[in-house]
2 protein chains.
Amino acid sequence: MSDMIDTLRHDEKMTPKQIEILKAAIELISEKGYYNTSTSEIAERAGVAEGTIFRHYRTKKDLLIKIVKPVITDFSASFFAEQFVHQVFREKYGHFEDLLYAFIKNRFEFAQSNVPLIKILLQELAFHPEIQTAYKRAFSEKVYPALNQAIDFYKQKGELRDLPNETIIRMVVPSVLGFMMTRFILKPDQNWDDEAEIKQTITVIMGGVGGT
Amino acid sequence: MSDMIDTLRHDEKMTPKQIEILKAAIELISEKGYYNTSTSEIAERAGVAEGTIFRHYRTKKDLLIKIVKPVITDFSASFFAEQFVHQVFREKYGHFEDLLYAFIKNRFEFAQSNVPLIKILLQELAFHPEIQTAYKRAFSEKVYPALNQAIDFYKQKGELRDLPNETIIRMVVPSVLGFMMTRFILKPDQNWDDEAEIKQTITVIMGGVGGT
DNA sequence: TGAGTATGTGAGTGATTACTCACTATATTA
DNA sequence: TAATATAGTGAGTAATCACTCACATACTCA
């Protein structure tokens with residue numbers, strides 16, 4: 001729970017009540033969706049007067065944006081920042097599989113600590129142009145270039161097939177996302193051997209499902 | 001557009017106004033979501049008095065269910081019915097790749113004719129237990145057994161790796177879904193060579209992205 | 001034709017919505 | 001301490017919500 005707020009950390013200082021408002025809003029919106037969650041409900045769960053919400057957030061939508069934007073930034077930026085891309089070329093990840101493992105592991109842990117936030121992002125992405133814009137920008141400016149560089153690098157080393165980069169991305173990303181959605185949203189209660197599942201996912205991405 | 005209504009075909013005869021209501025509801029809900037679409041809006045777009053909606057559908061939710069349920073049934077049942085599963089064992093699809101091609105092609109065409117309905121299904125699945133139940137039942141009763149049989153069959157023929165069936169399903173389904181979502185929802189306007197994309201998707205599913 | 005039924009209407013209802021504002025309480029700084 | 005700013009309150013508001021119901025119209029079949 002504190003993870004979620006960490007992710008949301010804005011530069012400004014927040015009052016205790018403001019934190020309670022964010023926590024309540026995240027809980028309720030991730031469960032019932034933005035349009036089916038009322039500001040009076042949020043106030044009640046946060047133990048706060050309804051007016052207090054609007055003291056900190058101009059509108060209900062402003063509250064949603066303030067919740068979702070840091071998730072987009074964090075998800076796309078943090079891992080694809082210098083540390084990561086440069087490490088690729090410093091041979092930290094000798095094989096594409098090593099990179100893939102680090103990538104999945106990293107995003108897996110992020111997802112694990114932020115299930116409600118990611119649920120909100122996925123669910124509301126469809127309905128709010130502001131969120132779509134922010135997401136597209138983050139992807140095309142941060143994620144896509146980083147992926148592109150890395151793929152080119154490993155293609156050159158002969159570790160990747162000579163497929164269009166877009167195709168490779170379109171095969172790798174859903175495989176990883178599909179695993180995480182099954183893991184955290186569809187069947188969160190199942191007994192998972194996460195380490196084994198991650199390795200198996202990598203195996204299949206690399207070698208497909210085809211037989212000998 | 002008429003495709004959508006075809007998918008919805010209930011046994012009972014529908015009046016022209018009822019059809020207009022369904023069409024309007026599908027349009028609006030797929031664009032703005034269930035909770036952000038009001039019955040007055042639906043009535044207005046359908047060219048109908050608001051009371052008429054409730055003459056045919058007991059509640060607003062009833063209207064949603066009547067829209068979504070046939071999609072679940074159609075999507076899961078039609079292709080996995082006898083025709084398909086039996087054809088597998090009659091050697092109609094000699095190789096797993098052939099089956100995969102027929103499968104993707106079939107679901108691709110279904111998706112193409114029903115984009116708004118599938119959008120509604122995906123978006124509202126998260127919030128309505130009734131829909132979740134219907135979906136889970138359809139999957140576990142129709143889709144999963146059919147896939148299981150087919151996978152066992154091709155494993156025995158040595159055309160599939162000896163991975164757990166669940167793993168194979170968890171790798172194949174997101175790849176196909178990922179392609180379709182990119183194709184119809186994320187980038188519907190891009191120039192697509194559908195046939196080539198489908199074949200490439202199959203290639204990657206079978207052989208992974210790994211190099212020689 | 002006439003009686004009965006199915007379909008369609010739209011003004012009306014109480015509940016709920018996001019948001020406001022005059023006010024109080026607390027913290028900050030002069 | 002006095003003055004000012006910030007944080008918190010909750011009753012109030014106009015708009016909108018899903019849904020009802022008395023009534024009008026159109027269709028069916030004896």
Side-chain angles (χ1 to χ4, degrees), chain A residues 5 8-68 120 123-124 127-131, chain B residues 5 8-68 120 123-124 127-131:
Chain A
I5 296 300
L8 293 174
R9 177 164 298 302
H10 303 101
D11 309 316
E12 328 95 44
K13 269 120 205 182
M14 285 195 259
T15 69
K17 301 231 167 192
Q18 193 170 357
I19 292 173
E20 288 308 309
I21 290 169
L22 278 179
K23 275 163 63 172
I26 291 168
E27 280 175 34
L28 287 165
I29 295 176
S30 75
E31 283 165 19
K32 320 197 310 161
Y34 173 78
Y35 289 110
N36 199 32
T37 301
S38 67
T39 49
S40 64
E41 277 177 295
I42 295 171
E44 194 186 18
R45 172 153 327 181
V48 144
E50 204 173 343
T52 309
I53 293 177
F54 295 95
R55 174 80 46 202
H56 295 288
Y57 304 96
R58 286 170 28 261
T59 62
K60 187 190 169 191
K61 191 138 199 170
D62 181 44
L63 172 60
L64 175 69
I65 300 295
K66 292 249 165 67
I67 287 173
V68 160
I120 293 177
Q123 281 156 4
E124 301 303 331
F127 304 123
H128 309 275
E130 309 89 328
I131 299 180
Chain B
I5 297 300
L8 294 174
R9 176 163 300 301
H10 303 101
D11 309 318
E12 329 94 45
K13 268 118 206 182
M14 286 193 260
T15 68
K17 302 231 167 193
Q18 194 170 356
I19 292 173
E20 288 308 309
I21 291 170
L22 278 178
K23 275 162 62 172
I26 290 168
E27 279 175 34
L28 287 166
I29 295 176
S30 75
E31 283 166 19
K32 319 198 310 161
Y34 172 77
Y35 289 111
N36 200 32
T37 301
S38 67
T39 49
S40 64
E41 278 177 295
I42 296 171
E44 194 185 18
R45 173 154 325 182
V48 144
E50 203 174 343
T52 309
I53 293 176
F54 294 94
R55 175 77 49 198
H56 295 289
Y57 304 96
R58 287 171 27 262
T59 62
K60 188 190 169 192
K61 192 139 197 169
D62 182 46
L63 171 60
L64 175 69
I65 300 296
K66 291 250 163 67
I67 286 173
V68 160
I120 294 176
Q123 283 157 3
E124 303 303 332
F127 305 122
H128 309 275
E130 310 90 326
I131 299 180

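Reminder, nothing fancy here: chain letters follow the sequence lines and each chain counts from 1.
Whole-Å rounding puts the I53(A) CD1 to dT20(C) P distance at 13 Å. The NZ atom of K17(A) sits 13 Å away from the C1' atom of dT24(C) (whole-angstrom rounding). Atom pair Q18(A):CD and dA7(D):C1' shows a separation of 10 Å (rounding to whole Å applied). dT20(C) atom P lies 16 Å from atom OH of Y57(A), rounded to whole Å. One can place CD of E20(A) at 16 Å from P of dA7(D), the figure rounded to the nearest angstrom.
Looking at E50(B) and S40(B), their side chains never bring a donor and an acceptor atom within 3.5 Å of each other. Side-chain contact of H56(B) with K17(B): a donor-acceptor pair under 3.5 Å is absent, judged by distance alone.
Between Y35(B) and H128(B), the ring planes are parallel. Angles under 30° get that label, and only those over 60° would be called perpendicular.
Under 4.0 angstrom from either OP1 or OP2 of dA6(C) there lies no side-chain N or O belonging to H56(B). In this model, the phosphate group of dG8(C) is approached by a side-chain N or O of T15(B) to a distance below 4.0 Å at OP1 or OP2.
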B/S/- contact track for nucleotides 14-29 of chain D, protein heavy atom under 4.0 Å: ---SBBB-B-------
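Contact of the L22(B) side chain with the Y57(B) side chain is registered, since non-hydrogen atoms from C-beta on lie closer than 4.5 Å.
For the pair E27(A) (side chain) and A24(A) (backbone), a donor-acceptor distance under 3.5 Å is absent.
In this structure, E20(B) pairs ionically with K23(B), as a charged nitrogen and a carboxylate oxygen lie closer than 4.0 Å.
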